[in-house]
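Read the numbers this way: they start at 1 and go in the same order the structure lists the ligands and their atoms.
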Amino acid sequence: MKIPDELINCRAETAIVLGSGLGCFAENLPQTFSVDYGAIDGLPVSGVPGHAGRFVVASLAGQPLLIAQGRVHLYEGWSAQDVVKNISLMHAIGIRKILLTNAAGTLNSSYLPGSWMMLSDHINLLGASPLSGGPNFVDMSHIYSIRLRGIFLQIAKQAGIPLHEGVYAAMHGPQFETPAEIRMLKAIGSDAVGMSTVPEAIQAHALGMEVAGFSCLTNWAAGLSPTPLSHEDVHAVGQDAAGQMIELLLKALPKI
Ligand code: HPA
């Protein structure tokens, strides 16, 4: 994989991966460089609306920040190994702290659509792992960094930004879940459901990176509201909620 020199030399230690509808985050920051995933040999490109597919080097609170605008998913037909190529690239250029964002349905009656949930843990129901073929038996007891979670919780509290914590269940998709699947997910301890993030978190943790995960809760999960689910609604709620995440990151990044 030939990585552009501007990325290799970007000096960022922290990266954020933006999920559905959150791409606008990058547009609000001064940018120094951007490159489309398609221009980097070997990096998969998403065809899903709302996933721009580029790396942006931006400046936030005086520090370089690498933004991965969009990701690829298992449900598009990519393998778990393909889905984490962005993570290996970011690790290779010196990223050591990674913030993964996604859009998700909420299963927790106290976590309203339009709010954010930080991942305390996940349940991998994708039927795949990026680590297949090795390394084996990597410990996942603390996949989401306790240190980063503590910083984000403290800053959210000080800033008056609501930030829930909970368990994210990863489903393969591309279809939304059935109400019966949502009842099962609730019974096994999930607070939110989505179709991404978990392979990236596993890969980043296995590479020794500090990981934090954030779900923008865009809708009630299937069967919990009379409204049918649509990708367009998910996208619109994500865009509205991006402002809160920008505020949180502006305050948190200098401290992480
Ligand atoms: N289910 C799965 N993925 C999602 C959802 C959902 O309800 N909302 C946003 N991404």
Short N or O distance, A103 and ligand 1, threshold 3.5 Å exclusive: yes
Under-4.0 Å heavy-atom contact with ligand 1, by part of A222 that carries it: neither
More than 12 heavy atoms of other groups within 6.0 Å of H142 NE2: no
Part of T218 with heavy atoms under 4.0 Å of ligand 1, whether side chain, backbone, both or neither: side chain
Top protein contact for atom 7 (O) of ligand 1, by heavy-atom distance: N219 ND2, 3.0 Å
Proximal ligand 1 atoms for V193, defined as those under 4.0 Å from one of its heavy atoms: 1 (N), 2 (C), 3 (N), 4 (C), 5 (C), 6 (C)
Contact with ligand 1 for M195, non-hydrogen, under 4.0 angstrom: yes
Atom 3 (N) of ligand 1 [closest protein heavy-atom partner, distance rounded to 0.1 Å]: G194 CA, 3.4 Å
Shortest non-hydrogen separation from I123 to G189 and the atoms involved: CD1-C, 4.5 Å
Heteroatom distance test (W220, ligand 1): nitrogen or oxygen, under 3.5 angstrom: no
Main-chain N/O of V167 paired with D191 side-chain donor or acceptor, under 3.5 Å: yes
Aromatic centroids of F214 and F152 separated by under 6.0 Å: yes
For ligand 1, the portion of E177 having any non-hydrogen atom under 4.0 Å away: side chain
Atom pair CD (E177) and CG (L107), whose distance is rounded to the nearest 0.5 Å: 8.0 Å
Heavy-atom nearest neighbour in the protein, as seen from atom 5 (C) of ligand 1, with distance rounded to 0.1 Å: G105 N, 3.4 Å
Residues E210 and R96 bridged, charged N to O under 4.0 Å: no
Which atom of H205 lies closest to which atom of V211, heavy atoms considered: N-CG2, 4.0 Å
Side chain, backbone, both or neither: N102 near ligand 1, heavy atoms under 4.0 Å: neither
H122 ring center within less than 6.0 Å of Y144 ring center: yes
